[in-house]
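Worksheet for the structure shown next.
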Number of protein chains: 2
Amino acid sequence: MSLVETDDVDGGESLSLHQRILSDIREKILSGAWAPGHRIPFEHELTAQYNCSRMTVNKALSQLAKGGLIERRRRSGSFVRQPQSQAAVLELHDIRIEVEALGLPYRCERLERVKRRSSAEDRALLGLSAPGPVLALESLHFAGERPFALEQRLINLSAVPEAGDEEFLEIAPGPWLIGRVPWSEAEHRIRAMAADDTIADALDIEASAPCLVVERRTWSAEHPVTHVRFVYPAESHTLVARFTPSQG
Amino acid sequence: MSLVETDDVDGGESLSLHQRILSDIREKILSGAWAPGHRIPFEHELTAQYNCSRMTVNKALSQLAKGGLIERRRRSGSFVRQPQSQAAVLELHDIRIEVEALGLPYRCERLERVKRRSSAEDRALLGLSAPGPVLALESLHFAGERPFALEQRLINLSAVPEAGDEEFLEIAPGPWLIGRVPWSEAEHRIRAMAADDTIADALDIEASAPCLVVERRTWSAEHPVTHVRFVYPAESHTLVARFTPSQG
DNA sequence: GGTTTCAATATGTATATACATAATCGCCAT
DNA sequence: ATGGCGATTATGTATATACATATTGAAACC
């Protein structure tokens, strides 16, 4: 078998114009250059900027709106939306909401908070290649009096330096991040495991009882943002994800 | 322009035209009226049928193509795609592929096959309201010599009557269904549990060892099609799902 | 017979244009 | 002030048109 010629699609050439506009704008948003709430140039401005017709610009912006990255308002313009919670994609959202949906009082206790230079393991979890500062957090989420989930999180401080100044006593790191960092990609790993002593102790369950473990890595515009591991006692939790093949 | 040829603006929906075209076609595909491989009318035919411009039709068809329901080929037309495996959405596909990706030989053994009128429990699992015939299957998937996953499946024979004539000795029910029934919606429930004696026995693990359980319900155009439960030994399996907020 | 060439065809992308619709601003009259 | 009202503005949808591009089927050629 011979290798395929490197028919090399380099960054910009072969893209159609409306796709180029689309990815330009998306990049601006995901990189944070255009923060949530920022007004995107009007169609007629982009028309001038890209030297194309309004229909072409409109197609790109409509697509971004359908994707949920921006919001369009007549007479006012188009705006970068607040970062959408992952809930829309996988029903794996704010634990507070899960707990309150059960009709139980929610509480979150921060167990640990350490700022450090990333260890090799940290970098593996986050998907970082170079060393840098990270924040390691451990929190316990309660439903009523019972522990509901243990959260172990790493935050890449190079990507989210503000996190280094936050104590996370009043707010859980999940909601904090969702409200600040737009995400471009997330990966979930879901598995079952037997509770080790640390986990059993924190969750107040028997050692070696089955647990559901959900790990999530999140990127924003190619940069790793956070790695989080949730450990749920098996009996307390079922993940539900509902899909349609695609949207129309 | 003359010629009214109103293809009936029924009900008086406030849908835009291209959205109406879009949902008309989607309905035809999901209901099975247009089977996989079926050629969708050419743009110029739809243009005549809906009495609108090609751009409008093109917008609708492009959107369906982007969503993956249809495939467009220049000079040939647009075709209903083979039902896409759920893999595209949640990496939870054919177990054969998972096993072979590990470099291990795959084998599937059918343990049980029972045709019966749905019990109350069957109906609860499938989401059926009225009684009707169902097919209950139990299969064991092997990776090499080791059991890899236990599959317990219910198929709604009212929705897929052909399944009643299939023995499922040569082919696993998953791939069989994916190749035949287009799905419009799927729901996953994922949890951890301790193996009971039956499961421990089938999977050849210790009783009360942690297992990952994945249950999936699938609908096609509002009709429940199948409910399946996969039980994996914890150490053999991690689910991975990768998302982007939306596509553009 | 087998290969090359070419024209026909359906889709892909872009343009200019038109009118509808919703939201907002500012003016005016009370 | 303030409440109403029209003008303005940006987006929403649709049209007709043009040309590019990929693919196919058949004619032309060696």
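Every chain is numbered from 1, with letters handed out A, B, ... down the list of sequences. All values reported here derive from a predicted model rather than from experimental measurement.
- Rounding to the nearest 0.5 angstrom, the gap separating the CG atom in Leu61(A) from the CG atom in Leu69(A) is 11.5 Å.
- With sequence neighbours excluded, the residues forming a side chain to side chain donor-acceptor pair (under 3.5 Å) with Glu167(B) are Arg110(B), listed by chain and number.
- For the pair Arg39(B) CZ and dT9(C) C1', the interatomic distance rounds to 12 Å; values are reported in whole Å.
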Q: Might you work through the side-chain contact (heavy atoms from CB on, under 4.5 Å) test for Thr47(B) and Ser53(B), ending with a clear yes or no?
A: CA-CA 6 Å; Thr47(B) 285; Ser53(B) 77; over 6 Å; no
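- A heavy atom closer than 4.0 Å to some atom of DNA chain D occurs in Glu43(A), His44(A), Arg54(A), Met55(A), these being the qualifying members of residues 43-56 of chain A.
- In this structure, Ile70(A) places its CD1 atom 15 Å from P of dA10(D), rounding to the nearest Å.
- Within the nucleic acid shown, Leu61(B) has no heavy atom closer than 4.0 Å to any nucleic acid atom.
- In this structure, Asn156(A) contributes its side chain and Pro224(A) its backbone to a donor-acceptor pair below 3.5 Å.
- Residues satisfying the side chain to side chain donor-acceptor pair (under 3.5 Å) test with Glu166(A), not counting sequence neighbours, are Trp176(A).
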Could you tabulate the donor-acceptor pairs under 3.5 Å formed by side-chain atoms of residues 38-45 of chain B, not counting sequence neighbours?
residue: Arg39(B); atom: NH2; partner: Glu45(B); partner atom: OE1; Å: 3.2
residue: Glu43(B); atom: OE1; partner: Arg54(B); partner atom: NH1; Å: 2.4
residue: Glu43(B); atom: OE2; partner: Asn58(B); partner atom: ND2; Å: 2.9
residue: Glu43(B); atom: OE2; partner: Arg72(B); partner atom: NH1; Å: 3.2
residue: Glu43(B); atom: OE2; partner: Arg72(B); partner atom: NH2; Å: 2.7
residue: Glu45(B); atom: OE1; partner: Phe42(B); partner atom: N; Å: 2.7

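- Rounded to an integer number of Å, the gap from CD1 of Ile21(B) to C1' of dA14(D) is 11 Å.
- Phosphate contact (OP1/OP2 of dT13(D), side-chain N/O of His18(B), threshold under 4.0 Å): absent.
- A cation-pi arrangement is absent between Arg20(A) and Tyr50(A), since the terminal nitrogen or guanidinium carbon is not both under 6.0 Å from the aromatic centre and inside a 45° cone about the axis.
- Residues Ile40(B) and Val57(A) each lie close to DNA chain C; by heavy-atom proximity, the contact nearer the 5' end of the strand is made by Ile40(B).
- As a whole-Å value, the separation of Asn58(A) CG from dT15(C) C1' is 14 Å.
- The environment of CD in Glu162(B) is crowded: more than 12 heavy-atom neighbours from other residues, nucleotides or ligands sit within 6.0 Å.
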Please list, pair by pair, any protein nitrogen or oxygen found under 3.5 Å from a nitrogen or oxygen in nucleotides 21-25 of chain C.
residue: dT21(C); atom: O2; partner: Arg74(A); partner atom: NE; Å: 3.1
residue: dT24(C); atom: O2; partner: Arg75(A); partner atom: NH1; Å: 2.8

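- The distance between atom NZ of Lys59(A) and atom C1' of dT13(C), rounded to the nearest whole Å, is 6 Å.
- Between Lys66(B) atom NZ and dT11(C) atom P there is a gap of 18 Å when expressed in whole angstrom units.
- Looking at residues two or more places apart in sequence or on another chain, you find no ring-ring contact (aromatic ring centres under 6.0 Å, His included) involving Phe142(A).
- In this structure, the CD atom of Gln19(B) is 7 Å from the P atom of dT13(D), given to the nearest Å.
- Proximity of Ser78(B) to the phosphate of dT11(C): a side-chain N or O atom is located under 4.0 Å from OP1 or OP2.
- With rounding to whole Å, Leu17(A) atom CG is found 15 Å from dT21(D) atom P.
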